[in-house]
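The sequence lines fix the lettering, A, B, ..., with proteins before strands; numbering per chain opens at 1.
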Amino acid sequence: MKNKYQPAEFEKNWLEKWKKEKLNVFDPNSDKKKYYSLVELPYTSGDLHIGHWFAFTAPDVLSRFKRMSGFNVFFPMGYDAFGLPAENAAIKHKIHPKDWTMKNIETMTNQFQQVGTMIDWDWMTITCLQEYYRWNQWIFLKLYEKGLAYRGKAMSNWCERDQTVLANENIENGRCWRCGEVVVQKEVEQWFLKITEYAEKLIWPENPQVDWPAAVRAGQNNWIGKKEGVLIKHKAKDLNIEFETFSAFPAWLWADTYIAIAPEHPLVERLVAGTAQEKEVKIFVKKMKQKTAEQRLKEIDTKEGVFTGRYARDPFGGEDMPIWVANFALMDFGTGIIRCSAHDTRDYEFAKKYKIKLKEVVDRIDPDYPISAHGNRGVLKNSGPFAGKKVEENIEKIVDWIVKEKIGKRHFNYHIRDWSISRQRYWGTPVPMIHCPKDGMIAVPYENLPVELPYEVDFTPHGKPPLATNAKWLHVKCPKCGGAAKRDAETLDTFFDSAWYWLRYLNPKYEKGPFDLKRAEKFTPVDIYFGGAEHTLGHTLYARFFTKFFKNLGLLDHDEFALKRVQHGIVLGPDGNKMSKSKGNVINPDSAVAEYGSDTVRLYLCFMMPYEGTGPWSDQTIAGVNRFLTRVWNIFQSYSSSSNDKKLFIKLQKTIKKVTSDIKNIKMNTAIAAMMEFLNDWERNPGGISKDGSKKFLQILAPFAPFITEEIWRNVMKEKQSIHLSDWPKLERIIEEEIVIPVQVNGKVRNTIKISQDMIKDQKAVEKIAAAEGKVKKYLTGKTYKTIYVPGKILNFILL
RNA sequence: GCCGCGGUGGUGGAAUGGUAUACACGAAGGCCUUAAGAGCCUUUGUCUUCAAAAGACGUGAGCGUUCGAGUCGCUCCCGCGGCACCA
């Protein structure tokens with residue numbers, strides 16, 4: 001009677017034993033080649049979701065594989081522990097955010113340790129601890145020193161529910177990324193980071209040195225939104241007012257007949273002062289300013305505007321251009337002022353509505369091609385020195401001419417805005433600045449760091465920062481004059497925390513700086529970075545920004561922090577919907593483990609779909625994966641090595657090869673499929689593989705199913721040392737005596753033939769066998785033909 | 001509108017330009033069993049056919065390149081994701 005596969009019995013034992021044996025202890029001083037495997041640090045929401053497991057399992061498989069392949073693998077873990085949900089939960093449950101967060105970390109860590117990851121928890125980094133956030137403050141001061149952190153008053157995205165500003169990257173469809181509240185525009189004074197200064201450096205080249213998905217690179221480039229064009233200098237008629245407009249389509253400049261200016265533009269007031277239209281314009285501007293960003297966007301289909309009563313001179317020699325305040329002109333794009341023409345749909349519609357004069361400067365080649373379409377087709381007319389010339393061939397020349405004539409200059413316009421980092425909330429890193437009535441804004445001296453986040457505050461939102469409610473904390477002496485001053489009561493955006501955490505992982509207790517430079521030199525850049533697609537525009541962009549900033553400071557020697565980026569998909573509920581408590585379709589990892597064991601859950605998460613995929617949890621498929629492990633268990637229970645079957649041996653070698661390359665390419669699903677195939681063959685001939693071979697099979701399964709393989713390795717194979725420290729099987733040279741190749745007639749497969757290895761290169765001999773056999777013979781009889789032969793691959797007869 | 005990624009059986013999904021549908025799920029039939037479950041075996045793209053043999057068709061549509069296309073090129077259609085009155 002053989003033993004049944006009952007993982008619950010041994011999985012717990014191995015967790016304890018591994019801990020005792022220090023299996024997963026990372027040695028930073030090892031001489032082996034390093035491999036830094038990183039997964040985005042999770043937020044401390046409280047409960048470990050099956051999505052966390054999905055995100056971590058494939059990386060864990062890769063990390064284990066790398067360890068068995070002789071690397072010194074660093075696979076750390078930490079928590080993104082600051083942020084609003086903690087504060088909101090605290091308000092709701094009347095518990096302090098810190099206590100809530102730390103309790104959650106404990107729960108999550110306990111759950112995580114059950115899965116059997118090779119994470120070494122001694123390197124755990126928690127962003128809400130002083131030992132971490134003090135270095136946020138240090139980095140902030142460096143940014144401030146370099147002029148990259150500045151205080152600005154600006155119209156900002158404001159979330160009324162969370163009582164805080166939001167960066168553009170934190171807005172999803174006009175709503176707050178955390179709470180879903182509609183974002184409004186509000187003038188707020190706050191801290192910004194000048195990420196725009198790094199815009200050019202953050203643009204991905206076409207063929208980057210690092211391996212990041214095209215979608216991420218395109219998305220970030222899009223967001224940075226670099227546009228090449230010209231800035232045109234303008235003078236208002238009868239007024240001492242100058243302004244500039246941006247144009248990305250220089251060929252249309254001769255067609256422009258009017259000017260549109262954004263309602264919020266500071267020049268509007270000066271322009272309309274004293275005109276007959278002044279009152280009307282002011283009413284319009286006021287109306288526009290009252291609307292939320294979302295309303296503005298919704299209404300923008302209807303072009304609206306008011307004539308200012310003013311004109312601008314046209315540097316291209318056209319008639320004077322009427323200046324209109326228009327709702328479609330956006331303050332934060334270009335200069336906020338637009339030259340408008342008939343060649344743009346939007347400008348055209350507006351002009352038609354208000355009966356503004358238009359003109360065309362392009363003879364269209366294709367009469368059906370719309371007048372308004374952007375593009376560089378057609379022949380110019382009434383375009384100064386370029387009349388009669390083709391648009392597409394003259395764009396550069398037009399720009400040169402504009403520069404030469406001093407009408408304007410070359411200019412690059414960027415879509416990306418500076419990163420708003422201050423949050424008017426409690427649970428975050430205090431901004432290390434002091435406001436002195438006499439000396440103004442003063443940086444907290446480095447030696448006075450950290451500025452501790454006080455425990456005692458009133459963090460219920462009432463429009464002013466919670467930190468300001470702790471008077472003892474708030475009032476300090478000015479570091480410069482010693483007089484009474486106040487601390488900055490704002491906290492940093494949590495994306496600040498996660499923009500450099502992988503460096504802190506390397507030595508979380510390090511006290512001489514934000515991170516240990518020697519370790520960073522040895523272990524960074526990160527070799528592979530796993531995470532969610534939702535961080536394309538936020539987190540990973542900020543992390544790249546910080547990396548480049550650190551390089552400028554001389555702290556790092558590389559431009560990109562991760563050599564490879566892999567983005568995971570989402571595990572949906574069994575009903576195909578996103579898991580949510582309200583839909584009742586949440587899969588609890590703990591109960592899945594209780595039913596099948598960790599190995600099965602791990603294997604299933606790898607097998608169910610590609611890592612990048614998104615799809616539903618299936619109780620049936622996980623049962624199938626469990627069957628596979630049971631069969632593995634069973635074949636080793638009755639295992640006895642006898643003969644070494646040549647076919648099985650070759651199959652095993654091919655399986656090892658496939659699994660090795662699939663793991664490297666994070667294609668865990670096909671790696672598992674290959675092992676299933678091998679087992680199918682093996683079961684037909686259980687004695688056909690040597691002991692050595694069966695051990696190799698266990699080894700390649702080990703990264704996926706660490707428990708069952710260890711159990712068999714040590715208790716059936718009687719090995720002394722852990723399978724996870726064994727050397728990954730090397731490929732043996734295999735010689736197949738016979739190979740099968742398909743035979744085609746006119747490109748259609750009609751037969752397969754077996755040929756011996758030594759015949760492969762002998763085309764004549766292969767042809768002879770193929771032509772004489774089976775259906776092929778019938779097709780070829782009485783015909784003349786030629787052949788295409790790819791040695792060892794395929795033979796194709798083409799009838800002439 | 002722009003950018004990116006996709007479209008393959010009943011389902012999840014495999015296929016360095018070389019036997020399309022691996023592997024798994026589901027389904028059908030069988031063995032075992034008093035029975036259920038589990039397990040094992042067989043079948044499973046569509047059509048012609050009682051069946052077999054054989055053949056035709058077949059990777060969103062249509063062209064093209066090629067001895068050979070799911071894969072490469074062009075023109076579309078559809079889906080997903082991101083950005084967007086972007087001047």
Can you find a side chain N or O atom of [X] that sits less than 4.0 Å from OP1 or OP2 on [N]?
| X | N | answer |
| --- | --- | --- |
| A:R750 | B:U19 | no |
| A:N669 | B:A14 | yes |
| A:K748 | B:G68 | no |
| A:Y789 | B:G68 | no |
| A:N221 | B:G4 | no |
| A:K657 | B:U16 | no |
| A:K775 | B:G55 | yes |
| A:K227 | B:C83 | no |

Gap in Å between the two [atom1] atoms, one belonging to [N] and one to [M], rounded:
| N | M | atom1 | value |
| --- | --- | --- | --- |
| B:C47 | B:G39 | P | 31 Å |
| B:C80 | B:G73 | C1' | 25 Å |
| B:U71 | B:U66 | P | 16 Å |
| B:A14 | B:U8 | C1' | 10 Å |
| B:G45 | B:A20 | C1' | 10 Å |
| B:U16 | B:G4 | P | 24 Å |
| B:A15 | B:U59 | C1' | 11 Å |

Can you measure [X] atom [atom1] to [N] atom [atom2] for me and round it to whole angstrom units?
| X | N | atom1 | atom2 | result |
| --- | --- | --- | --- | --- |
| A:Q620 | B:A38 | CD | C1' | 16 Å |
| A:Y604 | B:G13 | OH | C1' | 12 Å |
| A:L679 | B:A22 | CG | C1' | 16 Å |
| A:R417 | B:C86 | CZ | P | 14 Å |
| A:W223 | B:G4 | CH2 | P | 18 Å |
| A:I739 | B:G18 | CD1 | P | 16 Å |
| A:K658 | B:U16 | NZ | P | 8 Å |
| A:R346 | B:C86 | CZ | C1' | 8 Å |

Taking any heavy-atom pair under 4.0 Å as a contact, classify [X]: base, sugar-phosphate, or nothing.
| X | result |
| --- | --- |
| A:P610 | sugar-phosphate |
| A:E677 | sugar-phosphate |
| A:A623 | nothing |
| A:G219 | nothing |
| A:D347 | nothing |
| A:Y611 | nothing |

Aromatic ring centroids of [X] and [Y] under 6.0 Å?
| X | Y | value |
| --- | --- | --- |
| A:F350 | A:W324 | yes |
| A:Y785 | A:Y779 | no |
| A:F636 | A:W682 | yes |
| A:Y604 | A:Y596 | no |
| A:H411 | A:F246 | yes |

Across all strands, who's sitting opposite [N] as a Watson-Crick or G-U wobble pair, both distances under 3.5 Å?
| N | result |
| --- | --- |
| B:G37 | none |
| B:G73 | B:C63 |
| B:C80 | B:G4 |
| B:U49 | none |

Side-chain donor/acceptor of A:K793 to base of B:U19, under 3.5 Å: no

Base of B:C3 paired with side chain of A:N222 (donor-acceptor, under 3.5 Å): no

Note: A:E304-A:K353 ion pair, threshold 4.0 Å (strictly below): no

Chi-angle category of B:G9 [syn within 90° of 0, anti beyond]: syn

Full working for side-chain hydrogen bond (donor to acceptor under 3.5 Å, both in side chains) between A:H535 and A:E40: CA-CA 10 Å; A:H535 290 127; A:E40 277 166 8; 2.9 Å; yes

A:T670 side chain, from C-beta outward: closest of B:U19, B:A14, B:A24: B:A14

Residue pair A:R631, A:N680: steps toward the side-chain hydrogen bond (donor to acceptor under 3.5 Å, both in side chains) verdict: CA-CA 9 Å; A:R631 285 160 51 206; A:N680 288 344; 2.5 Å; yes

